[in-house]
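Notes for the one structure printed next.
Just so you know, these numbers use all the heavy atoms, side chains as well, and skip hydrogens, waters and symmetry mates.
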Amino acid sequence: MFVIEGVLLLALCAVTAYLIILGLRMMRGEHRGRLLTLRRGVLCDSRAGVGISVLCVGNCTLEQISNLLDVEYARYEVLVVIDAQRWPVLFRTLAVTYAMIRVDFQRSAELPVAGVRGLYRSRSRRFRRLVLMDRATTTLADDLDAAAGVAVYDYLLPVENSHHLMIGAIERLAAEISVFPEGQIKEVRSRFGAPVTAFARREVMAAGGFTADLQREIPAVACHTLYIPLLRQLSGESVVFRRLFTGAVWLMGGVGLLVLFHGKLMVSALLLTVVLVWCVLALIQIPAVDRKKSTRNFTIS
């Protein structure tokens, strides 16, 4: 009995310590974000800053593309890869909505891909950051490689078709990367909200594209983790929320067993742990502002 009690107490201490560290890292991330906000005005107008290319592949929606275009950062583009034969209505709608015209497609020598039928850009200055590619769908990695082959900026941010950008996500990502010496950061991860990873374009090219070994080939010292959400799912659900909620259920079950041994003392520990868990959940959910409230499309300055 004493062994079981000791194991449960150890598990309680470990989970509580993890939640405390997570909460402190999140608060530090928010504080860092407020400091970096002071640089956003310079970043948005600078043409010498970090460039970011968002890669959107698969069955995207007009709502998602509108969200991706709703960014004020200057060195930024959105590359959408769609199979026009598989989703003809969506492709025609995008072509009409954003006034897309066909342009010359030059195959990338760094990352050659097959199946590209055409490349389109908008004739409207409002949407000139948008690039549309018609490609026969094979695999997700091939579509990402095709988009990476025509991307022009330093970092590539793959976005799934069910995710939206948080407000200020691109500016924050660029500001975080710019803090480090040029070329030092090759991968930026965010595990909050919808998990996402940005890669240095040259690393993707060196690895031969978005292969399964891409992340394993990047050393830990060249990776940077953000403790803030950059993306949100359309449903508004948070992966971290679900994970912490599941952990909290198991934790309360374990503490419930301890209550059988120590009565009111463990009841107090249970209440304290529940409060701690929900405080951390609040920290995660507060920044997750619904970006669908803002659907404007800005002109690149």
Side-chain angles (χ1 to χ4, degrees), residues 22-23 25-56 60 63-80 126-130 151 153-160 162-180 185 187-200 224-241 281-301:
L22 181 63
R25 285 180 173 178
M26 293 176 61
M27 289 187 291
R28 185 176 64 180
E30 286 299 310
H31 178 67
R32 180 185 178 90
R34 286 192 290 270
L35 294 178
L36 290 175
T37 298
L38 301 175
R39 301 181 59 193
R40 281 186 184 172
V42 177
L43 284 169
C44 290
D45 296 330
S46 173
R47 295 189 178 275
V50 175
I52 298 174
S53 299
V54 166
L55 314 182
C56 182
C60 307
E63 181 182 22
Q64 182 189 21
I65 294 173
S66 176
N67 168 268
L68 296 177
L69 291 172
D70 186 9
V71 175
E72 297 182 77
Y73 190 61
R75 293 177 55 80
Y76 172 74
E77 65 178 350
V78 178
L79 297 104
V80 180
R126 294 176 58 203
F127 307 119
R128 69 182 184 186
R129 69 177 72 216
L130 175 63
Y153 289 128
D154 311 311
Y155 287 84
L156 308 177
L157 181 67
V159 176
E160 296 183 14
S162 61
H163 295 162
H164 278 190
L165 285 173
M166 301 290 292
I167 295 176
I170 296 300
E171 293 88 343
R172 175 65 185 273
L173 177 60
E176 289 281 354
I177 296 173
S178 66
V179 169
F180 298 90
I185 298 300
E187 177 184 328
V188 182
R189 300 183 296 253
S190 173
R191 294 295 179 261
F192 292 83
V196 64
T197 303
F199 299 95
H224 182 55
T225 300
L226 300 181
Y227 293 93
I228 59 163
L230 296 178
L231 300 179
R232 60 173 295 274
Q233 296 180 356
L234 291 176
S235 61
E237 296 177 348
S238 170
V239 173
V240 177
F241 180 91
L281 292 179
L283 287 173
I284 293 173
Q285 296 301 312
I286 285 174
V289 180
D290 190 347
R291 186 167 173 79
K292 291 190 292 184
K293 295 178 181 179
S294 178
T295 55
R296 297 167 296 167
N297 290 292
F298 293 93
T299 302
I300 302 176
S301 59

[X] [atom1] to [Y] [atom2] distance, which is reported to the nearest 0.5 Å:
| X | Y | atom1 | atom2 | answer |
| --- | --- | --- | --- | --- |
| Leu68 | Leu55 | CG | CG | 10.5 Å |
| Ser178 | Ile185 | OG | CD1 | 11.0 Å |
| Arg232 | His163 | CZ | NE2 | 10.0 Å |
| Arg172 | Ile167 | CZ | CD1 | 14.5 Å |

Considering non-hydrogen atoms only, spot the tightest contact between [X] and [Y] and give its length.
| X | Y | answer |
| --- | --- | --- |
| Leu173 | Ala198 | CD2-CB, 4.2 Å |
| Gly51 | Tyr153 | C-CB, 3.3 Å |
| Cys60 | Val80 | SG-CG1, 4.1 Å |
| Ala151 | Glu77 | CA-OE2, 3.3 Å |

Practice item. Say whether, by atom type as modelled, one donor and one acceptor occur between the side chain of Gln64 and the main chain of Glu160 under 3.5 angstrom. Key: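 Side chain of Gln64 to backbone of Glu160, a donor-acceptor pair under 3.5 Å: yes, one is there.
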Sub-4.5 Å side-chain heavy-atom contact between [X] and [Y]:
| X | Y | value |
| --- | --- | --- |
| Cys56 | Leu79 | no |
| Leu157 | Ile170 | yes |
| Arg129 | Val71 | yes |
| Ile52 | Asp154 | no |
| Glu176 | Leu226 | yes |
| Ser190 | Thr225 | no |
| Tyr76 | Val50 | no |

**Study point:** Test log, rule side chain to side chain contact (heavy atoms under 4.5 Å, CB included), inputs Leu130 and Leu69
**Key:** CA-CA 7 Å; Leu130 175 63; Leu69 291 172; 4.0 Å; yes
Check your understanding: Should Glu63 and His164 be marked as a side chain to side chain contact (heavy atoms under 4.5 Å, CB included) after you check the CA-CA gap, both sets of side-chain angles, and the distance that decides it?
Key -> CA-CA 9 Å; Glu63 181 182 22; His164 278 190; 3.7 Å; yes
Exercise for review: Please name all residues satisfying side chain to side chain contact (heavy atoms under 4.5 Å, CB included) with Glu187, sequence neighbours left out, ordered by chain then number.
Suggested key: Arg189, Thr197, Phe199, Gln215, Ile218, Cys223
